[in-house]
There are 2 protein chains.
Amino acid sequence: MATAGKPDWNGCPTRYAAGIVGDKWCFLLLRDALLHGKRTYREFLASPEGISTNILANRLSKLEALGMFTREPDPRKASSVCYFPTQKAKDFLPALVSMMVWATQYDEVTEAPASFAVSYVDDPKGTIAWYEAEMDRVDQALRTG
Amino acid sequence: MATAGKPDWNGCPTRYAAGIVGDKWCFLLLRDALLHGKRTYREFLASPEGISTNILANRLSKLEALGMFTREPDPRKASSVCYFPTQKAKDFLPALVSMMVWATQYDEVTEAPASFAVSYVDDPKGTIAWYEAEMDRVDQALRTG
DNA sequence: CAGATCACTTGCAAAATGCAAGTGGAGATA
DNA sequence: TATCTCCACTTGCATTTTGCAAGTGATCTG
């Protein structure tokens with residue numbers, strides 16, 4: 001049916017989302033992976049929010065355990081490590097972009113141009129597809145060395 | 001333009017969202033207000049996740065300070081209090097629903113019927129409109145005593 | 001006017017966080 | 001081959017946040 005009716009489940013799926021996204025650092029790591037193409041410990045560590053090393057290690061392994069990241073040797077240098085977002089993580093992109101649109105509207109400090117929200121409203125699928133393509137490009141480049 | 005290009009701002013708006021949603025309890029209070037029509041301290045306290053009273057008071061005032069809730073006397077009983085979601089909070093609904101859809105897909109424990117995700121994909125605006133109407137109904141009923 | 005209800009507040013133990021320093025292994029350099 | 005650097009963490013410890021239980025004062029109710 002095209003018209004939504006009242007859903008009558010008890011345990012809301014948002015509880016599951018809260019367990020992952022409801023943590024500042026997991027949220028920001030997801031942003032860095034999905035939106036900024038970050039893949040390595042070093043890159044994640046360099047975020048302007050300043051995560052400390054023990055918390056970073058903790059959250060990376062949490063996200064790995066949750067099936068959001070896979071931990072693999074860096075094809076460019078075997079001694080280094082890459083964290084690749086899984087399909088599960090990639091599928092979170094529309095929700096993340098949705099939050100960006102909301103934040104762009106209400107955060108007066110945000111540096112995002114208003115044109116972002118406009119282009120999203122104009123063509124949400126295109127906006128999301130662009131980020132997906134960007135991710136594929138990053139991972140493709142990495143995996144082929 | 002219909003095709004999205006690379007956004008080139010530095011401070012990502014997701015940081016702002018992380019400051020609000022990146023907290024388990026704020027996230028769940030938002031869910032309770034937007035999806036479950038909760039408005040009073042008692043109702044929020046009764047969530048199955050079991051928030052403690054001091055944390056609840058803390059988060060309610062945080063969300064009020066952030067302009068997500070307004071704190072008003074309960075029209076039904078002057079000694080009681082209502083927390084109404086502001087427009088800013090209501091505008092977060094699409095992002096929240098987007099996360100529900102994602103969680104429904106990946107949380108094997110969720111009690112949400114698969115039909116929810118289907119009906120959302122089929123008619124996202126209708127799904128969101130339904131929740132908005134439900135909220136208006138709740139607030140209307142409350143404010144008119 | 002005694003008792004219940006409401007929305008909190010307080011005190012305290014336990015857990016999570018942030019910071020600085022340290023560790024061990026791989027690769028590069030001399 | 002010895003040393004040096006880089007990397008991805010780990011450890012210790014002080015500070016902050018959380019969770020739990022109990023208490024508080026203002027209002028309502030019988």
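Each chain gets a letter, A, B and so on, in the order its sequence line appears, and its residues count up from 1. When reading the values below, keep in mind they use all heavy atoms of this one structure, side chains included, and skip hydrogens, waters and symmetry mates. What you see is a predicted model; the values in this text were computed from it and never measured.
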B/Lys62 side chain to B/Cys26 backbone, donor-acceptor under 3.5 Å: no
Ring geometry between B/Phe92 and A/Trp102 (parallel below 30°, tilted from 30 to 60°, perpendicular above 60°): perpendicular
Aromatic ring pairing B/Tyr83/B/Phe44, orientation class (parallel under 30°, perpendicular over 60°, tilted between): perpendicular
Integer-rounded Å distance: C/dT5 C1' and B/Arg42 CZ: 7 Å
Where protein sits on nucleotides 25-30 of chain C, one letter per nucleotide: B base, S sugar-phosphate only, - none, heavy atoms under 4.0 Å: -S----
Presence of salt bridge, B/Arg31 and B/Glu49, under 4.0 angstrom: yes
Atom-pair distance (CG on B/Asn54; P on C/dG11), nearest Å: 13 Å
Length of the NZ-P vector between A/Lys24 and D/dT18, whole Å: 12 Å
Sugar-phosphate, base or nothing in reach of B/Thr53, heavy atoms under 4.0 Å: base
Over-ring placement of A/Arg143 relative to A/Phe84, 6.0 Å and 45° cut-offs: yes
Spacing between A/Phe44 atom CZ and D/dA8 atom P, to the nearest angstrom: 11 Å
Length of the CG-P vector between B/Asn58 and D/dT18, whole Å: 7 Å
Position toward the 5' end of DNA chain C (nearest nucleotide), A/Gly50 or B/Val81: B/Val81
Euclidean distance, atom CD1 of residue A/Ile55 to atom P of D/dT16 [Å, nearest integer]: 15 Å
Distance, rounded to the nearest Å, where B/Leu29 contributes CG and C/dC8 contributes P: 13 Å
Out of D/dC9, C/dC6, D/dC20, whichever nucleotide has its closest atom nearest the side chain of A/Tyr83: D/dC9
Contact under 4.0 Å: B/Arg59 side-chain N or O vs D/dG19 OP1/OP2: no
Residue-phosphate contact under 4.0 Å: A/Ser80 side-chain N/O, D/dA8 OP1/OP2: yes
Polar side-chain atom of A/Glu43 near backbone of A/Arg39 as donor-acceptor pair, under 3.5 Å: yes
Whole-Å gap separating C1' (D/dT16) and CH2 (A/Trp25): 14 Å
Verify same cluster id: B/Leu142, B/Leu60 (apolar side-chain graph, 4.5 Å): no
